[in-house]
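Sequential numbering from 1 along the given sequence is applied to the chain's residues. Both counts, for ligands and for their atoms, begin at 1 and track the order of listing. Excluded from the calculations below are hydrogen atoms, water molecules and symmetry mates; all remaining heavy atoms, backbone and side chain alike, are included. Since the structure is predicted, the reported quantities are computational estimates derived from the model, not experimental observations.
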Amino acid sequence: MTSKIIPVEPFDYVIFGGTGDLAQRKLLPALYHRDHDGQLPEGARFIGASRGEYSQEAYQKFAHDALRKHVAEDQRSDDSLKRFLARLDYVRIDVQSDKGWDVLKAKLDDGMEGKIRAHYLAVGPALFGPITSQLEKFDLIDDRTRLVIEKPFGRDLPTAEKLNNEVGLHFREDQVFRIDHYLGKETVQNLLALRFANALFEPLWNCSHIDHVQITVAETVGVGSRAGYYDQSGAMRDMVQNHLMQLLCLVAMEAPATGDADSIRDEKLKVLKSLKPIPAENTVRAQYMAGAGPEGKVDGYLDELGDESDTATFVALKAEVENWRWSGVPFYLRTGKRMAMRMSEIVIQFKPVPHSIFGEGAGSPISNRLVLRLQPDESVKQWIMIKDPGPGGMRLKHVPLDMSFADNFDGHNPDAYERLLLDVVRGNQTLFMRRDEVEAAWKWIDPIFETWNETNQPVRSYTAGTWGPSQAIALIERDGRTWNDGDE
Ligand code: BG6
């Protein structure tokens with residue numbers, strides 16, 4: 001993808017959990033790509049920290065293996081690999097004790113005054129408190145230090161508040177970068193461009209013209225080796241509370257006065273606060289059974305977990321934003337593992353024309369639909385009606401104005417983490433969740449769990465490789481609408 005590369009100022013990234021899955025799959029490859037594109041300055045360093053015993057060379061080898069696995073061959077060059085690996089160091093730290101912290105301190109003390117130092121906690125949230133207090137104890141926090149944390153930010157409002165309080169004891173809010181990697185996705189940001197860099201959509205972007213909105217994040221993967229973590233969270237905590245709600249906010253928010261972080265986050269917060277409490281009948285939760293995945297026959301969730309559980313791997317909700325703009329417009333959300341295809345998209349369904357002037361032979365006008373495909377095959381499609389070309393009188397045809405990213409832009413499509421990791425260095429919090437946003441999201445999610453408990457709402461089943469349980473189809477069809485299912 002063509003972009004102007006603006007180098008950032010010198011920094012150190014300390015990656016707690018530096019030998020973990022996230023570091024291997026996402027963080028090291030993302031940092032490598034930025035280096036490969038020439039965006040990292042002289043003096044930028046990455047220090048992996050974990051309990052494992054690695055020398056600097058062994059960690060470099062570990063990173064090299066990760067890059068071979070997770071960076072496309074045409075993006076790897078000997079020079080770039082050499083330069084990137086030379087930036088890596090390692091420190092063995094037991095974050096629950098004092099062991100290793102003075103080594104980290106000595107490594108960070110490289111004499112570069114005012115250098116930005118970011119601590120990335122790619123570890124479970126139970127360690128956020130211990131690590132941040134050790135950082136303070138060992139005098140590793142100053143005005144230019146930043147903290148990056150990954151979800152889950154709690155499992156409900158009280159635990160989220162507790163986590164935020166723990167972190168807030170040591171870091172100011174403008175130093176805390178809460179990652180929701182969906183916000184770093186190219187097409188998610190494109191939503192901002194589409195809405196606020198075009199005069200075309202805004203006049204129509206409201207309940208007078210929009211019939212409903214659909215947000216789908218469907219995955220074909222199962223939980224696999226993450227079953228232990230996943231069983232504690234399920235689709236609601238793993239995907240809805242963060243990724244889907246953030247997408248909903250970007251669709252529904254008012255135009256911010258400026259593109260700066262707090263203007264945007266203030267508007268998203270207002271959306272979260274306007275969400276109407278959801279009754280149980282507007283929700284469906286379900287778990288996958290054995291069926292088919294892209295790789296053939298696949299096990300059900302319980303077999304993968306090896307235990308009994310009623311954790312939902314699929315959730316569908318009919319949400320409403322109670323304000324002037326969106327009154328009466330349903331937002332249908334759904335997400336699940338082991339679904340029919342990998343597909344994330346936002347559908348804006350416009351209302352029908354008020355009156356058709358065309359005779360029966362022409363066919364009825366089909367309502368306009370704007371489809372933003374987030375992944376895979378990123379695209380923006382505006383479905384419109386035209387006349388089917390050729391003789392034979394008026395026949396209406398529904399066709400897309402189709403902007404496919406792959407067809408229009410060349411090159412490497414940056415992963416969300418590439419942008420987010422450098423936004424931390426730039427100190428730009430626009431694509432990160434503010435404390436009050438996270439808490440407002442839980443305030444809406446918690447009562448859904450309570451409703452499920454009070455009403456004993458069953459966890460339905462669906463066969464792996466399908467679009468979820470029939471109840472999710474009924475959730476939208478009883479309103480006379482249908483899921484897009486990647487058709488358009
Ligand atoms: C993560 C979830 O946040 O997002 C995973 O914990 C999920 O369960 C993943 O698979 C999906 O991200 P992406 O970028 O592949 O859509």
Side-chain angles (χ1 to χ4, degrees), residues 17 20-27 29-30 33 69-70 120-125 148-155 160 177-191 215-248 250 285-288 293-295 298 301 304-305 309 311-315 333-346 372-379 405 412-421 431-433 437-438 441-442 445 464 468 486:
D21 182 59
L22 186 69
Q24 285 180 65
R25 277 189 310 109
K26 294 289 183 185
L27 307 183
H33 275 298
K69 205 158 148 203
H70 300 290
Y120 197 118
L121 310 196
V123 294
V148 191
I149 48 182
E150 276 279 343
K151 72 176 210 352
F153 306 117
R155 49 177 296 104
F177 291 74
R178 292 180 193 80
I179 291 223
D180 182 316
H181 77 282
Y182 265 60
L183 292 179
K185 287 185 191 273
E186 198 67 53
T187 26
V188 174
Q189 286 175 72
N190 193 40
L191 188 53
I215 302 178
T216 296
V217 178
E219 299 182 274
T220 50
V221 291
V223 293
S225 59
R226 293 171 77 226
Y229 149 77
Y230 191 87
D231 199 53
Q232 300 303 309
S233 44
M236 193 69 144
R237 295 187 171 97
D238 187 48
M239 299 294 287
V240 180
Q241 190 270 347
N242 33 74
H243 307 326
L244 275 87
M245 290 185 74
Q246 286 293 318
L247 296 180
L248 185 155
L250 293 176
R285 54 176 175 161
Q287 192 183 75
Y288 61 82
E295 67 272 39
V298 294
Y301 177 74
E304 281 184 313
L305 181 68
S309 164
T311 296
T313 58
F314 173 98
V315 171
L333 315 182
R334 66 177 169 164
T335 182
K337 303 266 184 219
R338 288 279 186 232
M339 292 184 66
M341 64 189 272
R342 175 169 180 255
M343 191 268 289
S344 301
E345 68 175 24
I346 299 172
L372 307 172
R373 175 63 74 86
L374 310 182
Q375 61 190 27
D377 308 327
E378 292 87 339
S379 66
F405 281 67
H412 160 70
N413 187 357
D415 183 73
Y417 278 93
E418 294 182 42
R419 174 170 300 106
L420 297 174
L421 285 165
L431 302 177
F432 297 84
M433 291 190 292
E437 281 183 84
V438 173
W442 283 121
I445 293 283

Practice item. May I ask you to decide whether Glu186 forms a salt bridge with Arg373, counting only side-chain N to carboxylate O separations under 4.0 Å? Key: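 No, this pair does not count.
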Can Asp21 and Lys26 be counted as an ion pair, charged N to O under 4.0 angstrom?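 No.
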Whether Tyr120 and Tyr417 hold their rings parallel, tilted or perpendicular, with breakpoints at 30° and 60°
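The arrangement is tilted - the two ring planes meet at 30° to 60°.
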Q.
Angle between ring planes, His181 versus His243, binned at 30° and 60°: parallel, tilted or perpendicular?
A.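 Rings of His181 and His243: perpendicular, as their planes differ by over 60°.
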Look only at interatomic distance and state if Ser344 has a nitrogen or oxygen under 3.5 Å from any nitrogen or oxygen of ligand 1.
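Checking ligand 1 against Ser344, no N or O pair falls under 3.5 Å apart.
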Legend entry - Face-on cation placement of Lys151 at Phe153 ring, 6.0 Å and 45° thresholds: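 Cation-pi check for Lys151 and Phe153: fails.
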Show me which atoms of ligand 1 lie under 4.0 Å from any heavy atom of [X].
| X | value |
| --- | --- |
| Gln375 | 13 (P), 16 (O) |
| Asp238 | 2 (C), 5 (C), 6 (O), 8 (O) |
| Lys337 | 5 (C), 7 (C), 8 (O), 10 (O) |
| Lys151 | 1 (C), 2 (C), 3 (O), 6 (O) |

> Ala235 and Tyr230: which non-hydrogen atoms are nearest, and at how many Å?
Replying inline: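 Looks like N-OH, 3.1 Å.
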Q) For Met339 and Gly468, which heavy atoms make the closest approach, and how far apart are they? A)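 Of all heavy-atom pairs spanning Met339 and Gly468, the closest is CE-N, 4.4 Å.
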When you measure from [atom] to every protein heavy atom, which one gives the shortest distance, and what is it?
| atom | result |
| --- | --- |
| atom 9 (C) of ligand 1 | Glu219 OE2, 4.0 Å |
| atom 12 (O) of ligand 1 | His181 NE2, 3.1 Å |
| atom 14 (O) of ligand 1 | Lys185 NZ, 2.6 Å |

Item to complete: With heavy atoms under 4.0 Å as the rule, classify the contact between Tyr182 and ligand 1 as side chain, backbone, both or neither.
Response: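 For Tyr182, only side-chain atoms sit under 4.0 Å from ligand 1.
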